[in-house]
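Okay, structure first, notes after.
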Amino acid sequence: MSAATLAERLPFSPTITFATAVRVLQQISRDRGSTALLLVIPCMLMVLLKLMFHDSEQTFERVGPQVFGIFPVIVMYLVASVSTLRERTTGTAERLLTMPVRRLDIVLGYSLAFTFLALLQAVLSTLLSVGPLGLDIKGPAYLLMVIAMLGALLGLALGLLVSAFARNEFQAVQFLPAGVLPQFLVCGLFVPHEDMQGALSGIAKIMPMTYAVQAAGEAADHTGITGLFVRDASLILVCVILVLVASAATLKR
């Protein structure tokens with residue numbers, strides 16, 4: 001089977017997907033606010049966390065790894081939802097959808113671009129935390145990078161999905177308290193799941209952020225890759241794929 005025939009049978013066009021990713025990266029690079037939000041703010045939050053628990057190293061050692069499953073979700077959600085809505089309001093998305101471009105091309109293009117940004121975000125946050133901030137973890141640092149990347153991709157998927165229903169950027173931000181902050185409250189950062197009231201414990205088990213926090217804790221508390229880490233990381237990845245599929249389905253021509 002020739003390469004051209006194989007490309008025709010794919011549910012997306014690699015050329016269009018790559019071109020979309022390049023265009024998104026160029027657009028974000030020109031937006032200093034979005035760039036700072038993606039790359040600088042997570043590092044600033046880790047510095048702030050270190051200063052908050054300066055006199056309580058044990059608390060920082062416990063909370064520090066867990067926020068790798070929280071901060072990237074929130075930050076990437078904001079950037080992805082606002083960036084996508086900006087393209088809709090300026091007419092860019094509508095012009096693309098009138099062309100022979102598949103919806104999956106657009107979603108995968110955005111995903112590819114933000115995956116690259118998520119990797120940069122994860123590397124910077126991890127190097128800062130285990131380096132100058134002195135976050136001591138038992139496992140390899142790259143596991144925290146994996147969780148940070150998965151969290152960022154989860155935020156991306158949620159942002160793309162919400163952008164299909166929001167009419168403007170303000171409405172996209174309004175979805176944050178409804179869709180993301182409840183996960184933040186029941187993810188296990190404040191109260192262990194076993195100490196939660198029965199209904200809350202059940203709700204926490206269906207929230208993907210719960211598994212991001214749990215996987216980050218596994219990476220910090222064990223010297224190697226545990227079965228629980230693999231399970232939680234896999235569940236997050238499945239959630240990302242499902243939400244991205246839903247995002248592609250909600251794009252309207």
Side-chain angles (χ1 to χ4, degrees), residues 1-31 34-35 37-39 72-123 145-166 169 172 175 179-180 208-209 211-212 233-253:
M1 183 182 296
S2 65
T5 304
L6 179 61
E8 290 176 358
R9 293 188 176 184
L10 290 175
F12 64 96
S13 169
T15 302
I16 296 177
T17 298
F18 182 75
T20 301
V22 171
R23 181 181 58 80
V24 171
L25 288 174
Q26 290 175 341
Q27 177 184 346
I28 293 179
S29 65
R30 292 192 293 266
D31 187 345
S34 296
T35 303
L37 184 60
L38 278 170
L39 303 180
V73 178
I74 298 175
V75 171
M76 193 63 78
Y77 167 86
L78 289 172
V79 175
S81 59
V82 170
S83 298
T84 308
L85 274 168
R86 188 174 299 164
E87 292 213 333
R88 284 179 52 196
T89 55
T90 57
T92 303
E94 283 75 6
R95 288 194 294 270
L96 284 174
L97 289 172
T98 58
M99 300 170 62
V101 176
R102 283 168 282 199
R103 292 177 291 185
L104 192 59
D105 292 326
I106 298 176
V107 172
L108 290 180
Y110 271 89
S111 301
L112 182 61
F114 280 101
T115 296
F116 175 74
L117 295 172
L119 176 61
L120 290 180
Q121 183 188 95
V123 169
M145 293 185 188
V146 170
I147 295 304
M149 277 199 64
L150 288 174
L153 292 178
L154 177 61
L156 160 68
L158 293 173
L160 291 177
L161 181 62
V162 164
S163 67
F165 301 99
E169 297 174 11
F175 277 107
V180 178
M209 190 182 289
Y211 299 101
S234 300
L235 287 173
I236 300 168
L237 183 59
V238 169
C239 288
V240 170
I241 294 173
L242 291 177
V243 177
L244 285 178
V245 171
S247 301
T250 54
L251 280 178
K252 299 178 181 180
R253 289 193 175 274

Rounded to the nearest 0.5 Å, what's the gap from [atom1] on [X] to [atom2] on [Y]? Could you check?
X: Thr115; Y: Leu108; atom1: OG1; atom2: CG; result: 9.5 Å
X: Tyr211; Y: Cys239; atom1: OH; atom2: SG; result: 8.5 Å
X: Tyr77; Y: Leu160; atom1: OH; atom2: CG; result: 11.0 Å
X: Leu150; Y: Leu235; atom1: CG; atom2: CG; result: 11.0 Å
X: Arg23; Y: Phe18; atom1: CZ; atom2: CZ; result: 13.5 Å

Any [X] side-chain heavy atom under 4.5 Å of [Y] side chain:
X: Leu120; Y: Leu39; result: yes
X: Leu153; Y: Met76; result: no
X: Leu156; Y: Val243; result: no

Check [X] against [Y] and note the closest heavy-atom contact, atom names and distance.
X: Leu154; Y: Pro208; result: CD2-CB, 3.7 Å
X: Ala113; Y: Ala21; result: CB-O, 3.5 Å
X: Ala152; Y: Ala118; result: CB-CB, 3.5 Å
X: Val240; Y: Ala157; result: O-CB, 4.0 Å
X: Leu38; Y: Val75; result: CA-CG1, 4.0 Å

key: Within 6.0 Å of CZ in Phe175, more than 12 heavy atoms from elsewhere   =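 More than 12 heavy atoms, drawn from other residues, nucleotides or ligands, come within 6.0 Å of this atom.
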
ask   = So, the side chain of Ser163 versus the backbone of Val82: is there a donor-acceptor pair under 3.5 Å, distance only?
value =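 No, because the side chain of Ser163 does not come within donor-acceptor range (under 3.5 Å) of the backbone of Val82.
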
